[in-house]
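Down below is the structure, laid out as structure tokens.
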Amino acid sequence: AGASLAQQDQAQEARKARNYSVETTPVGTLLDDPEAAAILQRLIPAVYANEMFQSLGRPNTLRSIQQYEPATLTNAKLAEIQAEFDKLNG
């Protein structure tokens, strides 16, 4: 039980430390967080499902990927995603 408590503490610390941004956070960081990934899957499902996004997109920010997906990653959509990240950021 001790290990699971330590893991829970680590998970809580990770959640506290979140400061996700469409401008600065690498996609890989977002994809590695189940809650952030769920936001992307819900709000931009076609982009999320794209293998290029899942692999080559990892070091890039959502803002930098906007140039490749301008019809989906509009400024309004990025603002909507940011609003959801702000809820996670606490």
Evaluate the side-chain proximity of L73 to R63: yes if any heavy-atom separation is below 4.5 Å, no if none is. no

OG1 (T74) and CD (E80) are apart, to the nearest 0.5 Å, by 8.5 Å

Sorted by chain and residue number, the side chain to side chain donor-acceptor pair (under 3.5 Å) partners of N60 (sequence neighbours excluded) come out as none

All heavy atoms of Q82 vs all of V22, minimum pair found to be OE1-N, 2.8 Å

- Can you list the steps and then say if Q66 with N75 is a side chain to side chain contact (heavy atoms under 4.5 Å, CB included)? CA-CA 9 Å; Q66 184 181 39; N75 287 336; 3.0 Å; yes

Between L31 and A37 the two heavy atoms that sit nearest each other are O-CB, 3.8 Å

Sequence neighbours excluded, the answer for side chain to side chain donor-acceptor pair (under 3.5 Å) partners of S64 is T61

Residues R18 and D33: closest non-hydrogen pair is NH1-OD2, 2.7 Å

Could you tabulate the donor-acceptor pairs under 3.5 Å formed by side-chain atoms of residues 41-53, not counting sequence neighbours?
from	atom 1	to	atom 2	distance (Å)
R42	NH2	E84	OE1	3.2
N50	OD1	M52	N	2.6

D86 meets the salt bridge (charged side-chain N to carboxylate O under 4.0 Å, His left out) criterion, sequence neighbours left out, with none

With sequence neighbours left out, the residues meeting side-chain contact (heavy atoms from CB on, under 4.5 Å) with T29 are Y20, T25, P26

*Any chance you could lay out the side chain to side chain contact (heavy atoms under 4.5 Å, CB included) test for N19 and T24, step after step, and finish with the verdict?*
CA-CA 9 Å; N19 190 21; T24 59; over 6 Å; no

The remaining residues in the hydrophobic cluster of Y68, counting side-chain heavy-atom contacts under 4.5 Å among Ile, Leu, Val, Met, Phe, Trp and Tyr, are none

(Q) If you define the side chain from C-beta out and look only at heavy atoms, does anything of L30 sit under 4.5 Å from F85? (A) yes

With sequence neighbours left out, the residues meeting side chain to side chain donor-acceptor pair (under 3.5 Å) with Q54 are none

